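Worksheet for the structure shown next.
This one's a predicted model, so the numbers in the text were calculated from it and none came from an experiment. Numbering of ligands and ligand atoms starts at 1, following listing order.
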Amino acid sequence: MSGTAPDGGLYVPEELPRFDPAALTQIDTISDLAAQLLAPFFEASTLKDQLAEICDEAFSFPARLELLENSERGSLSVLELFHGPTAAFKDFGARFLAACMTRIIGTPDRDSVPVTVLVATSGDTGGAVAAAFHRQPGVRVVVLFPDGRVTARQQQQLTCWGDNIISLAVRGGFDDCQRLAKEMFADGELVQRYRLCSANSINVGRLLPQSVYYAQASLANYRRNSRPSSFVIPTGNLGNAFAGIWAKQMGLPIDQIILATNANRTIPDFLGSGEWQPRASIPTLASAMDVGDPSNMERLLNLWGDAAEIGRRLRALSVSDETIAQQIAAEHARSGFAWCPHTATAFNVYRTLADEERSESHFIIIATAHAAKFESIVEPLIGEAIEPPDELARLLKWPARFETIDAVTDEITSRLS
Ligand SMILES: *Cc1c(COP(=O)(O)O)cnc(C)c1O
């Protein structure tokens, strides 16, 4: 329930279970696979007996693996993680976390203070968390998003809920939103008074379920051709990629993990120089990755020790806005598919790999969001309209409600009764 440990650090598993891929290939559905993979983490939990039910609730939509190219120059699939209610991969983690939290909270007393889920978002997390907790009794959600740095459709998904969801546009960037959340979680008195809980990607309850789709995709490939898969992952706060790293550490058939960042170069620079230099975020076309101080780096250092060791196991490449735009147009011309700007960073990184490297393993690009969420960027580049998926289309019709605040915690607490 608490995102950060009492000393301000992040929780990590003491040890990771190891699985034998051959023993997992018989499992058909993603929710059954989730229940199996996550069981060791729930052994001492009061939720142990409800894990299967939690997985059914959270994994109620597919992570679709589509084979895109298969030739001597490499075989490539795309793992589409945008078939959930808010059309981005954040739905997996948010729905799993909500399914766990609502069971822990149980049926609230009429007079009890609601649990307050505080979530800082660069655009997609907030919508996914709001959707997952909307109208759940005993819980309210405060969504902090950077004013003017999300697309119109993202903003609609952050602000269309009402009821138990409070949406606040913060004057500043995502880093300011994240700092506000951290400040509040560090204040024991506030945490107690408002029963604050985190739903950010720092929460283990979001990372663990995300490791499941890496497992499912790599197993599907393994079943087909006995080869491990390599992943190219659009990366911002390093939550999604970290879930992939955990899946690999748990013994799933995963070869390389390559991170694609936008012009926010903190991670590639760290791997290049060995020096960790967090900085202010730069606004880019792939705004959900505009992170200058990726929180989950702490977990990576905990896992592998130092930059040299991390650099031996991971690569990270930065993609400029100009290249993102070109890549969106180029991929559309090549295949007819429209990808979101985040997914396009991963396509670009894949396309710049050497031929020998591409033919060494089967590559899977992680498609993090539906292009329709970023229509103002993508449509002019491809010269076509992108139809929003049904659930997104439905949310776009609801009235929006939010307030704009300065980046200070008083502005938040004054809105909580
Ligand atoms: C959140 C998000 C990312 C970045 O994921 P991290 O876990 O923060 O690295 C990439 N693309 C989209 C569409 C996102 O919503």
Side-chain angles (χ1 to χ4, degrees), residues 10 78-94 97 119-131 143 145-146 149-151 153-155 157-158 173-175 177-178 199-204 206-211 213-214 231-247 257-264 266-268 281 284-300 314 316 318-319 324 328 338-349 365-375 377-378 392:
L10 303 182
V78 178
L79 184 60
E80 295 181 356
L81 300 178
F82 50 69
H83 298 290
T86 67
F89 78 86
K90 305 291 199 310
D91 283 321
F92 286 101
L97 189 66
V119 56
T121 184
S122 56
D124 290 323
T125 286
V129 170
V143 177
F145 66 95
R149 296 225 190 149
V150 298
T151 70
R153 282 183 179 167
Q154 275 181 318
Q155 177 151 331
Q157 278 189 329
L158 297 169
F174 169 65
D175 296 332
C177 300
Q178 185 154 266
N200 273 96
S201 69
I202 49 176
N203 195 308
V204 176
R206 270 186 49 188
L207 296 189
L208 287 176
Q210 288 178 184
S211 64
Y213 46 71
Y214 291 96
F231 288 94
V232 188
I233 308 172
T235 296
N237 212 20
L238 203 51
N240 197 17
F242 206 80
I245 292 167
W246 270 350
I257 291 182
I258 303 178
L259 314 182
T261 71
N262 57 24
N264 290 276
T266 309
I267 298 171
S281 61
T284 75
L285 294 176
S287 56
M289 292 156 39
D290 291 350
V291 185
D293 184 3
S295 310
N296 287 294
M297 186 48 97
E298 213 177 297
R299 288 196 165 106
L300 213 50
L314 277 187
S318 159
V319 182
I324 291 173
I328 291 171
W339 303 111
C340 85
H342 314 80
T343 306
T345 65
F347 267 95
N348 181 258
V349 165
I365 285 174
I366 297 289
T368 49
H370 196 289
K373 277 184 106 163
F374 301 91
E375 88 289 4
I377 298 166
V378 179
L392 178 56

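- Nearest protein heavy-atom contact of atom 7 (O) of ligand 1 is Asn240 N, 2.8 Å.
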Checklist entry - side-chain contact (heavy atoms from CB on, under 4.5 Å) between Phe374 and Thr151: does it pass, once the steps are laid out? => result CA-CA 6 Å; Phe374 301 91; Thr151 70; 3.5 Å; yes
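- Short contacts between ligand 1 and Gly239, defined as distances under 4.0 Å to a heavy atom of the residue, involve ligand atoms 6 (P), 7 (O), 9 (O).
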Item to check | Derivation of the ring-ring contact (aromatic ring centres under 6.0 Å, His included) call for Phe89 and Phe82 | outcome: CA-CA 5 Å; Phe89 78 86; Phe82 50 69; over 10 Å; no
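- Of all protein heavy atoms, the one closest to atom 8 (O) of ligand 1 is Asn237 N, 2.8 Å.
- Counted by atom type alone, Ser281 and Asp290 present zero donor-acceptor pairs between their side chains at under 3.5 Å.
- Applying the 4.0 Å criterion to heavy atoms of Met289 picks out, from ligand 1, the atoms 3 (C), 4 (C), 10 (C).
- Remark: Lys373 pairs with Asp124 by the salt bridge (Lys or Arg N to Asp or Glu O under 4.0 Å) rule, at least two apart or across chains.
- Looking from atom 5 (O) of ligand 1 to the surrounding protein, the closest heavy atom is Phe89 CZ, 3.4 Å.
- The shortest contact between atom 1 (C) of ligand 1 and any protein heavy atom is with Lys90 NZ, 1.4 Å.
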Checklist entry - Step by step, would you call Tyr213 with Leu81 a side-chain contact (heavy atoms from CB on, under 4.5 Å)? => result CA-CA 8 Å; Tyr213 46 71; Leu81 300 178; 3.3 Å; yes
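- At least one N or O atom of Gly236 sits closer than 3.5 Å to an N or O atom of ligand 1.
- Those atoms of ligand 1 that come under 4.0 Å of a heavy atom in Asp124, given as number and element, are 12 (C), 13 (C), 14 (C), 15 (O).
- For Leu238, every heavy-atom contact with ligand 1 shorter than 4.0 Å involves the backbone, none the side chain.
- Shortest non-hydrogen contact noted between Asp91 and Ala128 is OD1-CB, 3.5 Å.
- The protein atom (non-hydrogen) at minimum distance from atom 12 (C) of ligand 1 is Thr368 OG1, 3.4 Å.
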Checklist entry - Under the side-chain contact (heavy atoms from CB on, under 4.5 Å) criterion, do Lys90 and Thr368 qualify, and how do the steps go? => result CA-CA 8 Å; Lys90 305 291 199 310; Thr368 49; over 6 Å; no
